[in-house]
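Every chain is numbered from 1 and lettered A, B, ... according to where its sequence line falls, protein lines coming before strand lines.
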Amino acid sequence: MWNPIESAPREELEQLQAKRLRDTVERVYHLVLTWCRFTRKGLMSLG
Amino acid sequence: MIKKYGIKQLSIFLENRKGRLLEVTEALRDASINIRALALAESAEFGILRLVVNNPEKARSVLSSSGFTLKEQDVFAVEVADEPGGFYNVVRILTENDINVDYTYAFVGDSKRAVLIFKVPSDMLDKALETLVQGGITLVEPMFFYD
Amino acid sequence: MPFYKKRFDELGLKPAHVKSVEDLKNLPFTTKQDLRDHYPFGLFTTPMDQVVRIHSSSGTTGKPTVVGYTAHDMGVWKEVMARTMSMMNVGPGDVVHNAYGYGLFTGGLGFHYGAEEVGAAVVPSSGGFTKRQLLLMKDFGATVLCSTPSFALHLAEVAKDEGYDLKKDFKIRAGFFGAEPASEGLRNALRDAWGLVYIEAYGLSEIIGPGVASGCPYGNLHVFEDHFIPEVIDTETGEVLPDGQEGELVFTTVTKQALPIIRYRTKDITVLHREPCKCGRTITIMESVKGRADDMLIVNGVNVFPSQVEHVLTKLEGITPNYVIVLDKKGVLDKLEVWVEVDDRTFADGIGALETLKTKLQQEMLNELYINVRVKLVEPKTLERSMGKAKRIIDKREAEGLKS
């Protein structure tokens, strides 16, 4: 098995999933600042 | 000129499918329409049947209601002597006047005269008719084909 | 305002409301239409200078679906593809013949990176050129074949015609097959012809590409759910269904950076199981996809939406002729034909004009659908005549598949 997580107890897997899910939600929700920066930069570079 | 010499031709789109030609001719026969001249152009998958009939109005409505895709256009017919050079004279005049021939086909005439049908781009039709008359070619009036 | 913040705010949701995987069911869905509405990069959550790869696949009309990867995302992709390869202990010494299409599709490069990651030698042959592929497979001593199942069968049939002895001349021990559904008959035909272990590969570019789930040697398709959390929902109500019940598969990516996606509706119909597998894996098992919740067609592994065909036809001089999509088999491979009715509006009196129309339509279809489409010009009502009723899509492949 390439990664032991594939056969880990489900509780362990679900804990990992929960943590990663929280991070992802934070990422997609809170990227306001990065977004604005990106958008401005994007608009400028696109002319 | 177009009014005087323009002949209504029907073009019918046909799939290359068994019996399809039969269905067209059957529909025309049932409506007592006589085919005066015809030509069939074909590719690997489909064909175009071009007809000059004795009653274009009626043929159009009969074929249309039978579900055929068709187009009505003006063509013209010329009468030439049935001897070497007859066709050449017509083509020469058209070529000298930069008139492109889309296609042409022959109508079975008697042993001395041949009747040829020409299709040229519609915006050149008038010019074609005028130059041919000036060149001494005999144009055939529609009444020759119609009832 | 970012897309997800807006969606969350509409539902009165805050990130703090998400504590466990259980809370996933309260989050809004994301659809292919959302990706289209934010074409091309509107749903990316990293600056473009962090994006190292962009792929694209078919959209429903006009615009393709675009996905992006950061270096970290490429790492995730390599990891899940390496896990796929590890299902058959593919590694140093193996020669992986990769006949998935390279290019904008994720198939070719996904398998390529996976095979490299485990240390195998990759032959990036891509699609087409069947006879040359067979020659290379034999001479290079390929041990692993990656392709669509129908192409693998096509290879086998051409090999027989060319006089090869499949089991003597080739050393293929494992095949990683995906991108299109395969009947049990087809799977067995491949096992028998090549003497290989059949590993099913599942993925979609919106989530990462191939590597979302992989079959194990026991034939169960395992979802790599530490990266992509699966749910099955009722297509109508959106309600989460318990394990064992058939519904639409939904994925949430939890490790991707450039294009994380929350509750993406795949439109694939399947069933999830969470019992441990004989292979030792505890991660969720999904059954092979049973069908689609939309009208998407899969043609030689390429996704095609009927709306794309209509889009091409409408673009042409602003008229929408009547049309029918006909799917059939040419040998074992799919062929797609679009029968376009020539009516009084489209009928130009000239074989050349009609041939030009046909060629133009075929070129536009290739541009829009990324596959070769044969356009056939037909008389109105041809299909009603030959098939008995008005239908937009005729799939003659289904009946064929059942026979095998």
Side-chain angles (χ1 to χ4, degrees), chain B residues 6-24 27 37-52 56 59-76 100-105 117-125, chain C residues 309 313 316-328 330 335-366 372-391 394 396:
Chain B
I7 294 162
K8 299 282 175 220
Q9 174 202 254
L10 293 174
S11 300
I12 302 143
F13 176 77
L14 292 176
E15 282 169 41
N16 279 1
R17 191 154 50 78
K18 196 180 163 190
R20 207 53 192 146
L21 192 56
L22 183 71
E23 285 164 42
V24 182
L38 73 86
L40 185 63
E42 54 158 41
S43 79
E45 281 177 5
F46 50 81
I48 299 173
L49 178 65
R50 294 169 180 134
L51 299 175
V52 176
R60 185 180 181 156
S61 93
V62 163
L63 293 173
S64 211
S65 60
S66 307
F68 289 100
T69 294
L70 50 99
K71 196 179 182 88
E72 190 184 85
Q73 292 178 109
D74 283 319
V75 294
F76 64 88
N100 188 34
V101 177
D102 287 337
Y103 51 82
T104 174
Y105 51 100
I117 290 168
F118 281 85
K119 167 75 177 67
V120 298
S122 54
D123 58 347
M124 288 192 177
L125 181 55
Chain C
V309 171
L313 294 174
L316 210 83
E317 293 162 28
I319 46 167
T320 313
N322 222 350
Y323 70 95
V324 174
I325 295 169
V326 183
L327 282 150
D328 206 347
K330 187 182 180 186
K335 71 170 182 183
L336 190 148
E337 288 187 350
V338 177
W339 295 14
V340 181
E341 287 186 357
V342 174
D343 59 23
D344 293 348
R345 298 169 307 168
T346 32
F347 179 39
D349 173 30
I351 295 288
L354 289 170
E355 291 284 4
T356 305
L357 172 73
K358 181 180 146 164
T359 310
K360 198 170 156 197
L361 281 173
Q362 290 186 159
Q363 279 167 350
E364 290 290 320
M365 297 269 178
L366 177 62
N372 280 308
V373 174
R374 212 176 81 87
V375 171
K376 200 171 152 190
L377 300 179
V378 298
E379 288 175 39
K381 311 224 167 46
T382 295
L383 275 132
E384 283 171 48
R385 270 197 303 270
S386 61
M387 310 285 175
K389 58 185 163 186
K391 240 175 125 182
I394 312 283
K396 296 182 186 170

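With a 4.5 angstrom heavy-atom cutoff, B:Glu72 does not touch chain C via any of its atoms.
Heavy-atom minimum distance, C:Ile351 versus B:Gly47: CD1-CA, 4.4 Å.
Interatomic distance, CG of C:Asp343 versus CZ of B:Phe68, reported as 15.5 Å (0.5 Å rounding).
Residue with the most contacts toward chain C among B:Asp102, B:Ile12, B:Leu70: B:Leu70 (heavy-atom pairs, distance under 4.5 Å).
Partners of C:Lys358 according to the side-chain hydrogen bond (donor to acceptor under 3.5 Å, both in side chains) rule, which considers only residues two or more places apart in sequence or in another chain, are B:Glu45. Listed by chain and residue number, B:Ser11, B:Arg50, B:Gln73, B:Tyr103 satisfy the side-chain hydrogen bond (donor to acceptor under 3.5 Å, both in side chains) test with C:Asp349 (two or more places apart in sequence, or in another chain).
A 4.5 Å side-chain heavy-atom check between B:Phe46 and C:Val342 finds every atom pair outside the cut-off.
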(request) Show your working on side chain to side chain contact (heavy atoms under 4.5 Å, CB included) between B:Lys71 and C:Asp344 and close with a plain yes or no. (result) CA-CA 7 Å; B:Lys71 196 179 182 88; C:Asp344 293 348; over 6 Å; no

